[in-house]
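Below, all heavy atoms of this structure are taken into account, side chains as well, without hydrogens, waters or symmetry copies. In each ligand, atom 1 is the first atom listed, and ligand 1 is the first ligand listed.
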Amino acid sequence: MATETYDQLVAKAREVRLLSGVNGLLGWDQETYMPPRSAEIRADQLALLAGMIHDRVVAPEIEGLLASLEKEKLPPDRAAVVREGRRLYDRERKLPKELVEELARTTSRSQEAWAKARKEKDFAQFAPWLEKVIGLKRQAAKHLGLPGQDPYDALLDEFEPGATSAELTSLFSTLEGALVPLVKKLALAKKKPRVEILERHYPRAKQEEFGRLVAKDMGFDFEAGRLDVSNHPFCSGLQPDDVRITTRYREDDLTGSLFGIMHEAGHGLYEQGFDRKYFGTALAEPCSTGIHESQSRLWENMVGRSRPFWKHYYPELRRVFPEPLADVSEADFVFAVNDVRPSFIRTESDEVTYNLHVLLRFEVERDLLSGKLAVADLPRFWNDKMEKLLGVRPPDDAQGCLQDIHWSFGLFAYFPTYTLGNCYAAQFFATARKELDLDSLLARGELRPLREWLRKKVHERGGFFRPKDLVKDVTGAPPSSAAFVSYLETKYAELYGL
Ligand code: ZN
């Protein structure tokens with residue numbers, strides 16, 4: 001009886017997952033190949049699908065199936081499927097269908113408005129759309145939240161189950177205390193990297209060739225995935241056998257595309273690593289957005305910007321670009337890809353200042369949602385805060401508050417998952433180093449053992465655990481920023497000779 005009920009629940013969940021894959025495919029297309037005049041119809045298509053998915057998630061028979069399974073003694077995997085099924089059902093049921101459709105329609109259009117405003121460096125064009133999106137997100141938070149709950153927490157729970165803005169405030173205050181002085185110390189260091197070596201002429205086709213090689217060595221399966229170009233790199237997991245990543249190329253920037261590829265391939269390995277027999281259920285879904293981000297950061301930074309990695313790959317890179325790298329030693333190169341300096345653009349920033357960019361966004365969106373900060377005042381608030389944290393002031397809004405696509409998408413309370421990802425990644429990486437002879441493996445270009453370790457410890461388990469429990473299970477300790485801060489302090493003291 002329980003088995004039959006469980007199978008019915010899974011069949012329903014699979015339908016939802018199939019539809020959300022279609023939704024993801026349309027979203028991927030919008031960011032890659034869609035002709036511009038298709039924007040309006042695409043918005044209607046996405047809104048219609050969002051409504052259809054919503055209807056299926058909250059279908060009346062789901063409550064009955066969940067309630068009956070909750071009375072049974074189930075094996076742990078099935079119990080986790082039911083637990084997460086309940087979470088999704090309860091969350092989605094609180095949202096009126098009209099609001100879901102309105103959010104999908106508005107955010108699809110506001111992405112177009114954002115892209116144009118950013119291109120023309122004109123915040124005023126985007127402001128009314130941002131106002132609209134915030135209004136809708138406030139309504140969503142009201143429906144989702146418990147009485148008296150901070151609207152930010154209600155939205156955060158979608159991405160990072162169990163996390164609160166109070167925890168984030170304390171995490172960011174610890175990081176600010178450690179990172180602001182570290183950035184200042186590095187700025188004063190006499191030893192400086194030759195960053196100019198990365199800004200020579202590097203033909204795009206060769207960049208792509210090298211990026212594909214590294215992604216393949218990482219274990220990204222190109223028979224079950226693609227690599228394309230978009231404005232804002234992303235990874236779209238339509239299903240474990242169709243995982244699409246993107247990057248962007250600039251011929252005067254050697255490593256932007258590569259680290260973009262390693263980042264997105266790190267996400268992609270997670271998606272390709274889900275256990276297919278659980279497809280449609282939470283066990284073949286990411287544990288949380290922060291855990292997802294830990295996988296990308298670990299590959300991009302802890303592997304991709306490490307000395308052992310380049311011991312093997314620098315000679316390869318030199319074979320691809322013999323001329324521009326002729327006078328560049330391996331040590332020069334490793335130092336240059338780890339240059340730390342205050343800058344305007346989050347996605348191009350280094351590992352140390354990155355989290356200060358996130359801290360700024362956390363404060364902005366918390367205050368926008370609560371109404372403490374008016375949309376019209378955003379550019380000034382942004383620029384002032386940048387100056388306080390990093391000592392630099394953006395010359396225009398394209399390099400300031402218009403740089404990220406997230407808010408136009410309706411992604412509020414999402415940015416902090418980047419920093420949580422950095423912290424989780426450092427904890428996972430420190431544990432992997434204890435359990436594998438990681439430095440020697442990386443130095444030989446053997447990336448697969450790390451992928452296998454992550455697959456077993458993180459990928460295959462999907463949403464079996466909640467994020468805090470997963471970190472504890474894998475590393476033996478609860479989540480904290482200690483491993484991350486210690487990783488940064490050790491690495492950069494050595495690089496800068498402090
Ligand atoms: Zn990411």
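His263 has its closest N, O or S atom to the Zn ion (ligand 1) at the position named NE2.
We find that Asp228 and Arg244 are not joined by a salt bridge, their nearest charged nitrogen and carboxylate oxygen being 4.0 Å or further apart.
Using modelled atom types, one finds no donor on one side chain facing an acceptor on the other under 3.5 Å when comparing Glu365 with Tyr414. Side-chain contact, Tyr496 with Asn338: no donor N or O sits under 3.5 Å from an acceptor N or O.
For Cys235, every N, O or S atom stays at 2.8 Å or more from the Zn ion (ligand 1). For His292, every N, O or S atom stays at 2.8 Å or more from the Zn ion (ligand 1). In summary, Glu293 places an N/O/S atom under 2.8 Å from the Zn ion (ligand 1), meeting the contact criterion.
For the pair Arg305 and Phe259, the cation-pi criterion (under 6.0 Å, within 45° of the ring axis) is fulfilled.
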